[in-house]
Amino acid sequence: MTASIIDGKAFAANLKEKVAQKVHILKTEHGLTPGLAVVLVGEDPASQVYVRNKNKSTVAAGMNSFEYLMNDDVSEEELIKKVEELNADPAVHGILVQLPLPKHINEAAVIETIAPQKDVDGFHVINSGLLATGGKGMVPCTPLGCIMMLKDRLGSLSGLDAVVVGRSNIVGKPMAQLLLNESCTVTIAHSRTRNLPEVVGRADIVVAAVGVPELVKGAWIKEGAVVIDVGINRIEKEDGKTKLVGDVEFDKAAKRASAITPVPGGVGPMTIAVLLQNTVTAACRQMGIDEPV
Ligand code: NDP
């Protein structure tokens with residue numbers, strides 16, 4: 001079998017277009033312009049690029065974008081004060097604090113300060129709790145993007161065997177929870193899992209979120225499975241240049257899977273598109289407006 005490639009770029013472009021249409025309706029019919037505030041601490045180049053892209057995409061969707069750049073010696077108190085100001089600002093409907101934060105700042109304390117209804121990253125414990133108990137919270141962007149792509153490909157996921165490799169709070173665990181909410185039979189694998197090839201090999205859906213280049217071998221994939229590769233790893237090629245690869249051995253996996261996301265161009269582009277969608281959802285909920293469909 002040769003897998004069809006799930007085009008995350010096209011999927012994200014489509015979602016961004018839908019978000020822009022919703023924003024247009026909110027502006028013209030309700031006088032509401034959703035606003036997203038992004039706080040970046042320090043000068044990590046990768047984070048700077050990511051924040052710049054978020055800003056551009058937010059503005060392109062017709063929303064307000066607020067950016068706060070803080071020095072990497074900012075105190076935890078100052079950062080928390082900034083988040084509290086944003087919580088109280090009616091023009092701001094979504095707040096995102098770019099991670100990772102410098103070591104002297106307690107990330108959990110900062111995240112727990114974000115008002116849960118403005119937590120568009122879905123990392124607040126209230127939102128993880130709501131996801132776990134079937135409530136209506138904010139859902140982390142990357143796993144939500146993966147679910148959207150899976151449902152687009154497979155329709156109902158009910159009864160399918162799904163394996164998530166990785167158990168981080170931002171990807172693996174919410175991903176597993178979302179798959180469970182779709183009535184999959186879910187296995188979460190991690191660094192202590194015994195016989196990973198066998199665990200992966202029984203899955204109809206494999207989601208790899210590990211951060212180890214090509215850890216999941218093509219030969220492990222069950223014929224016809226759908227593979228979602230969340231990993232983004234920069235590796236050095238023989239000519240000394242670098243390239244991005246995922247957590248799955250793409251070429252070999254593509255010969256066994258029925259569909260697979262590439263890296264780059266798979267899950268990555270979806271994350272920002274879902275962030276914009278989450279901001280619209282957050283704005284509608286805060287203003288008591290039904291979200292346009
Ligand atoms: P973490 O480092 O927080 O978690 C990695 C997980 O992988 C851990 O649960 C770890 O297990 C598990 N793991 C590590 N080694 C192995 C192994 N040999 N076998 C099985 N499991 C293993 O990473 P994140 O969840 O934050 O990110 C994962 C990947 O996804 C990274 O490449 C990251 O760059 C990418 N990413 C991509 C995004 C996107 O937009 N596309 C967004 C977020 C992340 P244990 O818990 O036992 O240590």
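Each ligand, and each atom within it, is numbered from 1 in the order the structure gives. No hydrogens, no waters, no symmetry mates; every other heavy atom, side chains included, goes into these values.
- In summary, K82 and E85 engage in a salt bridge, as defined by a charged side-chain N under 4.0 Å from a carboxylate O.
- With respect to atom 18 (N) of ligand 1, the closest heavy atom belonging to the protein is L215 CD1, 3.5 Å.
- Close N/O approach between T271 and ligand 1 is found [any backbone or side-chain N/O within under 3.5 Å].
- Side-chain contact between L36 and S65: absent, with no pair of heavy atoms (C-beta onward) separated by less than 4.5 Å.
- Enclosure of atom NE2 in H24 is not indicated, since only 12 or fewer non-hydrogen atoms of other residues, nucleotides or ligands lie within 6.0 angstrom.
- In terms of protein heavy-atom proximity, atom 31 (C) of ligand 1 is nearest to G211 CA, 3.6 Å.
- The shortest heavy-atom distance from A209 to ligand 1 is under 4.0 Å.
- Interface of N233 with ligand 1, defined as ligand atoms under 4.0 Å from a residue heavy atom, comprises 32 (O).
- When hydrogens are left out, the protein atom nearest atom 27 (O) of ligand 1 is V171 CG2, 4.4 Å; that is the closest non-hydrogen contact.
- For Y50, no nitrogen or oxygen atom sits less than 3.5 Å from a nitrogen or oxygen atom of ligand 1, counting backbone and side chain alike.
- Donor-acceptor pairing under 3.5 Å is lacking for the side chains of E76 and H104.
- The environment of R234 atom CZ is dense: over 12 non-hydrogen atoms of other residues, nucleotides or ligands sit within 6.0 angstrom.
- A heavy-atom separation below 4.0 Å is not found between A189 and ligand 1.
- The environment of K222 atom NZ is dense: over 12 non-hydrogen atoms of other residues, nucleotides or ligands sit within 6.0 angstrom.
- Close contacts of ligand 1 with G268, meaning ligand atoms under 4.0 Å from a residue heavy atom, involve 41 (N).
- The residue among G172, P174, S191 with a heavy atom at the shortest distance from atom 48 (O) of ligand 1 is S191.
- Nearest to atom 4 (O) of ligand 1 among the protein's heavy atoms is S168 CB, 3.8 Å.
- Listed by number with element, the atoms of ligand 1 under 4.0 Å from a non-hydrogen atom of V267 are 41 (N).
- Proximity of I232 to ligand 1, defined as any heavy-atom pair under 4.0 Å, is shared by backbone and side chain alike.
- Here is the list of ligand 1 atoms found below 4.0 Å of a heavy atom in G166: 6 (C), 7 (O), 9 (O).
- Sparse packing is recorded around NZ of K252, with 12 or fewer heavy atoms of other residues, nucleotides or ligands lying under 6.0 Å away.
- Under the 4.5 Å side-chain criterion, counting only non-hydrogen atoms from C-beta, K54 is in contact with L275.
- Counting only N and O atoms by type, the side chains of R153 and S258 include no donor and acceptor under 3.5 Å apart.
- Looking at heavy atoms from C-beta onward, M149 lies in side-chain contact with T261 at the 4.5 angstrom threshold.
- Judged by distance alone, the side chains of E291 and Q277 do bring a donor and an acceptor atom under 3.5 Å apart.
- Put simply, part of I170 is less than 4.0 Å from ligand 1, judged by heavy atoms.
- In V230, the parts holding a heavy atom less than 4.0 Å from any atom of ligand 1 are both the side chain and the backbone.
- Looking at atom 42 (C) of ligand 1, its nearest protein heavy atom turns out to be T142 OG1, 3.4 Å.
- Nearest protein neighbour of atom 16 (C) of ligand 1, counting heavy atoms only, is V210 CG1, 3.6 Å.
- Counting protein heavy atoms only, atom 46 (O) of ligand 1 is closest to R167 NE, 2.7 Å.
- For D290, the CG atom counts as loosely surrounded, since its 6.0 Å shell holds 12 or fewer non-hydrogen atoms of other residues, nucleotides or ligands.
- The protein non-hydrogen atom at the shortest distance from atom 20 (C) of ligand 1 is H190 O, 3.2 Å.
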